[in-house]
Amino acid sequence: MGVDVGGSTSCGRLTSWVRAGGPTVEGLELGANSEGFTENLRAACDTAWARPFTAAAALHFPPYLSSSSLAIFPPHFPGQLFLCEEEEVSLMAPQAMTEYERRRLENIRRNTEIVASLKRRADELAATVKAAKAKAPRRPPAKAPEQAPIVLRRSLRARGIPPGPSRHPSEAPTPISPPANPAKMKGPIRMDEAFVGVSPLDRHLVGAISGMAENATLHPRKKGEGGGSGSWDPASELTLVPENVKRFLPARILSVRFFPFEGRTVVAAGDKLGHLGFWDADFRGSEGDGTYVYAPHLAPISGISIQPFSMSKILTCSYDGFIRLMDVEEETFNMLYSTDDSIYSISQPPNDAKSIYFGEGPGELKVWDERAGEVSNTWVLHDQRINTVDFNTVNTNLMATSSTDGVACIWDLRKISAKKPERLKMVQHRRAIHSAYFSPSGSSLATTGVDDRVGILSGPDFNSVIMINHYNRTGRWLSSFSAIWGWDDTYLFMGNMKRAVDIISTVDKTTSSLESLLMTAIPCRFAAHPYKVGLLAGATAGGQVYMWRRS
DNA sequence: GCACGGGTTACCAAG
DNA sequence: CTTGGTCCACCCGTGC
């Protein structure tokens, strides 16, 4: 069964394509001559050859599309596409869908019908209740896609090649064809365009998030309030049941976060391919399974930040060099910042809604001022990439960074010396450090290194340092481990290569493990719910999330 | 002090 | 149950 790309402008999920043989197209000569080739393609596009498809669809094309690639859906060959690279043209046919894709498309079809019928109901109701004023005017529908030639443009950066003078004559000084809409990728992306599937099937999610965000109290509880884990034993009380295992992303997960809602359990996770997935665990509908996937990035999503004071806004950063702000009210993925370097980490101070701190390139930490719309500070804090940025929830002037250079630091943002924040404390591992997180009380810091150690800094001025052995060699296929704090300062949670969740007691320095036959893969990245004690999410390299709950 | 390349690691789908 | 594809993180050894 193939992916249907014909007949509509919707974007199917086009992940796997095979070369189906050389093209023979009536009325079009595709020669090896570069100039003629380009001209012919232009002509083809101009004569309605091109079938419009969205930027989001472009995200799902295989990685061998390069910046010089053109993709054309030929009307004569439904379900196929011409891939034109350099001076080569291939006719591509979709491969059989994976089970993941089949299931999703099936859901999508079913949901479309249900949503359509709901919409009819809503329209009828609206007609009868004419007097009722329309709610806040919805964002006007975006302009129809330009009927320009379809151009798949991938930045050099996205292909892992440093930007610079092109080595390919066909890439250089004139682009192979006029760009369809380069701003599309650089600028905002509509949520329905980025939705992996056909809109508007994410209505449930939009409703759930905006509903919770609206109803949320203005003074959310602080993490750690209302009973930590001190009086209970997570190793014996946390349980995993089949309903709390969900695979909703196709690739390795790098970041996972809970929405800071009290009334509804929603998890966001970002994967290696740039997908941002949501799992609404309280979803109780017949259509769909409460999971939703978008494709706002072109490369791994390295960080997600959701602040309690604006819960309908989700920040993501990616190796593709973009910081995007998913605005559920506006229904867009806005672009806040872009760079040629990779972005490895992101964080926001708990008391400052308008500042975004992120780790860019080999060792820079930048501060984005959302009010001014510009980078307000750039500091070189490390020799290599900054893997995490974290703020102390109690003393919000303290920031911790961890880096591949083997150092984790605590910085005082009030004191700027030599154009850098003053370094209060530094801890050295023998190898790269993948995380450094402050404890809920703010009095400890936990670091995780690939030198098979977990460091705990505590005491006055974080002067006491202990190291706990923990096997952390995850290799290339898994996301690196990083110990996170639970709901108070007594326990750390992290992955274990034996398909378990390790729980490290900071009191007696012992490690216990959570195991379950339902965990068929190693949980690498974790999130603890900010308010709900005992709600722990572990994410795997296979796109799964396990949600452990206190029984 | 570098650039380079090989080895390692686990997951999933297909046979 | 085995096999093959994944592929870009990191360590470590080699060669300049």
Side-chain angles (χ1 to χ4, degrees), chain A residues 1 13 15-18 62-66 94-104 154-163 245-255 269-275 297-303 318-321 340-345 359 361-363 382-388 402-408 428-435 447-453 470-482 494-501 515 517-525 538-546:
Chain A
M1 179 180 180
R13 198 182 138 72
T15 47
S16 318
W17 293 78
V18 289
Y64 45 73
L65 286 187
S66 67
Q95 260 180 347
M97 278 186 290
T98 64
E99 176 62 19
Y100 171 84
E101 293 160 346
R102 195 196 56 74
R103 203 161 46 84
R104 183 159 291 283
R154 287 204 146 202
S155 70
L156 291 170
R157 180 195 56 251
R159 294 150 57 203
I161 302 165
V245 175
K246 195 76 86 177
R247 167 175 283 123
F248 56 97
L249 284 167
R252 196 180 97 214
I253 294 173
L254 284 88
S255 45
D271 83 358
K272 194 191 64 176
L273 299 174
H275 296 115
H297 288 283
L298 296 159
I301 295 181
S302 45
S318 164
Y319 289 14
D320 67 10
D340 285 341
D341 282 318
S342 287
I343 300 173
Y344 296 105
S345 45
H382 288 275
D383 294 333
Q384 291 177 62
R385 50 187 268 189
I386 296 174
N387 293 308
T388 58
S402 66
S403 168
T404 297
D405 67 10
V407 172
Q428 179 92 43
H429 278 247
R430 289 191 272 261
R431 307 231 188 286
I433 305 184
H434 270 285
S435 67
T447 59
T448 307
V450 300
D451 61 350
D452 293 340
R453 298 190 304 169
H470 188 275
Y471 187 85
N472 290 337
R473 273 170 275 169
T474 48
R476 176 156 64 147
W477 313 119
L478 300 191
S479 298
S480 55
F481 289 159
S482 43
M494 66 187 304
N496 179 302
M497 289 300 269
K498 292 179 309 196
R499 292 190 187 143
V501 181
E515 287 174 47
L517 290 173
L518 296 169
M519 282 208 301
T520 54
I522 295 168
C524 305
R525 296 286 164 97
T540 75
Q544 282 172 302
V545 171
Y546 307 117

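Numbered from 1 within each chain, the chains take letters A, B, ... in sequence-line order.
Put simply, W477(A) rests on the base of dT6(C): the two rings are less than 5.5 Å apart at their centres and nearly parallel, under 30°.
Here dC10(C) presents its P atom at 7 Å from OH of Y319(A), a figure rounded to the nearest Å. Remark: C1' of dC10(C) and CZ of F481(A) are 15 Å apart, rounded to the nearest angstrom. As rounded to whole Å, 13 Å separates atom C1' of dC10(C) from atom CG of D451(A). I433(A) has its CD1 atom 12 Å from the P atom of dC10(C), to the nearest Å. In this structure, D452(A) atom CG and dC11(C) atom P are separated by 11 Å, rounded to whole Å. The CG-P distance, from D405(A) to dC10(C), rounds to 11 Å in whole Å. We find that OH of Y344(A) is positioned 7 Å from P of dA9(C), with the value rounded to whole Å. In this structure, I522(A) places its CD1 atom 11 Å from P of dT9(B), rounding to the nearest Å.
A side chain to side chain contact (heavy atoms under 4.5 Å, CB included) with S482(A) is found for exactly one of S435(A), C524(A), S402(A), namely S435(A). Considering H429(A), R473(A), H470(A) in turn, R473(A) is the only one that fulfils the side chain to side chain donor-acceptor pair (under 3.5 Å) rule with D452(A).
Here T404(A) does not reach the OP1 or OP2 of dA9(C): none of its side-chain N or O atoms lies under 4.0 Å away. Remark: R431(A) is in phosphate contact with dC12(C), judged by side-chain N or O atoms under 4.0 Å from OP1 or OP2. Taking only side-chain nitrogens and oxygens, H434(A) comes nearer than 4.0 Å to OP1 or OP2 of dC10(C). For R499(A), no side-chain nitrogen or oxygen approaches OP1 or OP2 of dA10(B) to under 4.0 Å. For dC7(C), one of the phosphate oxygens OP1 or OP2 lies less than 4.0 angstrom from a side-chain nitrogen or oxygen of K272(A). Regarding contacts with the backbone of dC11(B), every side-chain N or O of R476(A) stays at 4.0 angstrom or more from both OP1 and OP2.
Of the candidates dC8(C), dA9(C), dC11(C), the closest approach to any side-chain atom of A432(A) belongs to dC11(C).
A donor-acceptor contact under 3.5 Å is not formed by the side chain of R473(A) with the base of dT9(B).
Smallest separation of non-hydrogen atoms from T520(A) and R499(A): O-NE, 3.3 Å.
The closest side-chain donor-acceptor pair between R252(A) and T540(A), if any, does not fall under 3.5 angstrom. There is a side-chain donor-acceptor pair under 3.5 Å between N387(A) and T404(A).
Within 4.0 Å (heavy atoms only), Q384(A) reaches no atom of the nucleic acid at all.
The gap from the C1' atom of dC8(C) to that of dA13(B) amounts to 23 Å, rounded to the nearest Å.
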